[in-house]
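Bear in mind that the values here come from a model prediction, so they are computed numbers and not experimental data.
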Amino acid sequence: MSIVVQKFGGSSVADTQKILAAARKAIRTAKEGHKVVMVVSAMGKTTDQLIALAKEITDRPSTREMDMLMSTGEQVTISLMAIALETLGYQAVSFTGTQIGILTDSAHTKARIRSIATETMRRSLNEGKIVIAAGFQGVDDNGDITTLGRGGSDTTAVALAAALGADACEIYTDVDGVYSTDPRLVPEARQVDRISYDEMLELASMGAGVMHSRSIEFAKKYNVPVVVRNSASDIPGTWIVDTPESLTEPVCGAALAKNEARVTLVGAPDRPGVAMTLFTKIAEAKIATDMIVQNVSSDGRTDISFTVVKDDLPLTMDITRKVAEAVGAESVETDTDVAKVSVVGLQMANQPGVAQRMFRALADHNINIMMITTSEIKISVLVKQENALKALQIVHAAYALHVKPADARGPVVLKADGKPSPDKLEGEYLSRLTGMEDTIIESITLDETQARVTLTHVPDQPGLAATVFETIAKDAVIVDMIVQSVGRSGRANISFTVPREQTQNAIAAANELAKAVGSDAPTHNPKVAKLVVRGTGLRSHTTLASRIFRTLSDESINVNIINTGERSINITVNDEQGRKACELLKAEFARDTL
């Protein structure tokens with residue numbers, strides 16, 4: 001008999017009538033032949049109310065005591081849910097995270113799951129009971145209650161589904177599914193029937209609020225099918241699985257992140273160890289960075305820019321200023337009047353002109369791009385806050401995301417005679433249930449086919465990126481990495497990589513462009529080594545970037561360009577150092593690699 005895990009968020013259990021409605025959904029699933037585990041959040045705004053109570057006493061309550069306090073919200077819900085199920089004539093039993101055996105580390109208020117004991121849940125399921133688990137919480141080695149941070153109940157649900165080998169994890173919430181973008185911001189947004197893990201990871205990290213990225217990391221790592229559904233209806237929802245909805249459309253969704261701040265280490269010495277020093281200190285403070293951009297140096301100096309959520313900005317600035325002084329950088333700048341607009345699609349790497357379409361659409365509406373970073377499946381740009389909503393609507397229309405692809409595949413059909421549960425499985429799967437939230441590195445690759453071209457001191461104005469890449473595309477030059485660093489004194493630098501055999505065409509186009517706009521002559525390196533670290537949990541594990549930079553710095557290997565995404569970190573180094581750099585990174589992450 002298959003197992004289905006159902007998660008009900010705070011809005012879905014906000015009062016006793018909604019709790020009864022959720023109980024009926026669980027009973028219906030059980031009657032269809034599935035064993036059911038329910039994961040529930042605290043009712044409505046309970047967690048916010050508990051935090052407010054603590055803040056009435058002190059602005060800085062102990063994180064340990066905050067975990068004790070916040071965990072009580074879910075305990076209320078699991079008890080009421082068990083009572084509701086029994087009242088409706090079905091056997092049920094409720095468990096806290098501690099009772100289940102969700103073992104975490106000791107990082108209070110943002111703990112990570114290490115392992116889950118399944119014996120208690122299996123025994124109850126085999127007795128015909130519906131199991132109700134408290135979301136958002138666990139216990140550490142000291143026996144202290146811990147909480148998992150933002151999106152913790154989603155993380156609990158998918159983690160339990162992974163540990164139990166469930167056939168599906170159903171996430172019940174107050175929306176019908178995953179949309180091509182936020183329908184509150186773009187009314188034309190379309191609900192998608194399915195989306196791949198990698199696409200959802202990028203969208204989740206870039207502002208799509210349907211699910212938190214940590215839960216998708218679990219789903220991908222353990223291949224757990226996840227469906228997002230509205231608890232108030234029977235709409236099929238959206239399935240998050242290993243394959244995308246379309247195999248032809250380059251972009252599946254767009255996202256807007258407005259709670260961003262940009263930090264730039266200005267004029268840092270271009271030498272090994274600078275990026276390592278900066279991101280090690282930030283990682284030690286458990287601050288997640290995003291959109292890391294380092295461009296090619298000028299006169300031995302380079303700028304390193306990155307974004308963080310605004311709540312982390314004060315501490316980030318303190319750390320960055322200290323690093324600037326230690327390494328001899330010129331200054332530290334920040335900008336809170338920014339927003340990140342991104343498009344994502346598993347098929348964009350296979351099609352030319354995808355980035356140009358975004359840049360041209362923004363240029364045609366006079367929206368200036370302040371930073372650019374790309375990966376195989378993502379293009380992100382930084383724009384002014386005042387242009388953020390308009391930019392999202394523009395790029396959504398530019399890729400016709402409101403139109404269902406002709407080759408769109410429908411939702412997954414869940415059957416009751418599913419796969420065998422993990423107690424019948426052996427080997428690798430079971431071994432991975434220890435260290436459940438550890439970083440998983442899927443591959444570390446070296447690309448020795450690339451050249452780098454850099455346009456320096458180009459006028460920083462609307463249409464810059466569109467003009468650059470439309471000019472480059474005239475000669476059918478294929479562009480890979482794109483990095484635009486923050487403009488200074490009205491000028492910006494744009495670097496991109498191309499196949500080595502197309503270097504001369506790219507340089508000719510860049511020279512033409514430089515003359516047309518009155519910028520400096522472009523620079524280039526005919527042979528660069530591109531290193532790509534791909535995996536799951538790259539952004540949420542704050543130490544990963546610093547490990548990469550430290551590993552290379554210790555061997556005096558300098559990083560020229562940095563370009564980050566949710567599923568990959570891309571860097572370039574000098575060609576003669578590429579193979580050594582690749583071997584060093586493989587050795588560093590050997591224990592984390594699949």
Side-chain angles (χ1 to χ4, degrees), residues 262 264 266-267 270 291 293-305 333 335 338 341 352-374 379-384 386-387 390-391 394-395 398 450-499 502-526 528 560-563 572:
R262 187 263 304 167
T264 301
V266 179
D270 186 22
M291 212 176 176
V293 170
Q294 177 181 319
N295 215 327
V296 175
S297 66
S298 176
D299 300 323
R301 297 269 170 177
T302 188
D303 297 347
I304 303 175
S305 296
E333 296 179 355
D335 189 352
V338 297
V341 178
V354 179
Q356 287 98 301
R357 197 190 309 184
M358 181 179 190
F359 302 154
R360 172 47 58 196
L362 295 175
D364 287 345
H365 290 81
N366 205 37
I367 294 177
N368 193 35
I369 296 172
M370 304 164 67
M371 280 173 58
I372 300 171
T373 182
T374 63
I379 306 162
S380 289
V381 299
L382 209 64
V383 300
K384 286 288 187 184
E386 64 187 20
N387 295 325
K390 184 179 179 182
I394 288 166
V395 299
Q450 299 280 311
R452 184 267 306 163
V453 178
T454 300
L455 288 153
T456 59
H457 303 125
V458 186
D460 185 14
Q461 58 194 22
L464 169 61
T467 301
V468 168
F469 294 104
E470 285 170 353
T471 303
I472 299 298
K474 286 179 183 177
D475 291 316
V477 175
I478 299 171
V479 175
D480 185 10
M481 290 177 68
I482 300 174
V483 171
Q484 177 181 324
S485 52
V486 176
R488 286 198 281 161
S489 302
R491 298 277 173 166
N493 293 348
I494 298 181
S495 291
F496 53 93
T497 62
V498 298
Q502 294 187 311
T503 304
Q504 292 307 313
N505 287 346
I507 293 170
N511 275 314
E512 174 189 334
L513 185 66
K515 290 176 183 177
V517 301
S519 65
D520 295 349
T523 65
H524 76 283
N525 185 339
V528 296
N560 307 128
I561 298 177
I562 302 170
N563 200 343
T572 66

In Å and rounded to the nearest 0.5 Å, what is the [atom1] to [atom2] distance from [X] to [Y]?
X	Y	atom1	atom2	result
Asn563	Thr572	CG	OG1	9.5 Å
Thr454	His524	OG1	NE2	10.5 Å
Leu513	Ile472	CG	CD1	7.0 Å
Ile379	Arg357	CD1	CZ	9.5 Å
Glu386	Ile367	CD	CD1	9.5 Å
Ile369	Ser380	CD1	OG	11.0 Å

Has the side chain of [X] got a donor or acceptor atom that lies under 3.5 Å from a matching backbone atom of [Y]?
X	Y	result
Gln484	Ser495	no
Asp270	Gly300	no
Gln502	Ile478	yes
Asn493	His457	yes
Asn387	Val383	no
Ser305	Val293	no

If you define the side chain from C-beta out and look only at heavy atoms, does anything of [X] sit under 4.5 Å from [Y]?
X	Y	value
Phe469	Ile494	yes
Val483	Ile372	no
Ile304	Thr264	no
Val381	Met371	no
Gln450	Val498	no
Leu382	Arg262	yes
Thr374	Phe496	no
Glu512	Val517	no

Over all atoms of both residues, closest heavy-atom pair of [X] and [Y]:
X	Y	value
Ala510	Leu455	O-CD2, 3.7 Å
Ala355	Ile482	CB-CD1, 4.1 Å
Thr456	Ser519	O-CB, 3.6 Å
Leu464	Pro459	CD2-O, 3.6 Å
Ala451	Thr503	CB-OG1, 3.2 Å
Ala473	Gln356	CB-NE2, 3.5 Å

Step by step, would you call Val341 with Val395 a side-chain contact (heavy atoms from CB on, under 4.5 Å)? CA-CA 9 Å; Val341 178; Val395 299; 3.9 Å; yes

side-chain contact (heavy atoms from CB on, under 4.5 Å) assessment of Met481 paired with Ile561: CA-CA 9 Å; Met481 290 177 68; Ile561 298 177; 3.8 Å; yes

Assess the residue pair Arg452 and Thr523 against the criterion (side-chain hydrogen bond (donor to acceptor under 3.5 Å, both in side chains)); give the C-alpha distance rounded to whole Å, side-chain angles, the decisive distance to 0.1 Å, and a yes or no. CA-CA 8 Å; Arg452 184 267 306 163; Thr523 65; 3.1 Å; yes

Under the side-chain contact (heavy atoms from CB on, under 4.5 Å) rule, what do Gln294 and Asp303 come out as? Steps first, then yes or no, please. CA-CA 6 Å; Gln294 177 181 319; Asp303 297 347; over 6 Å; no

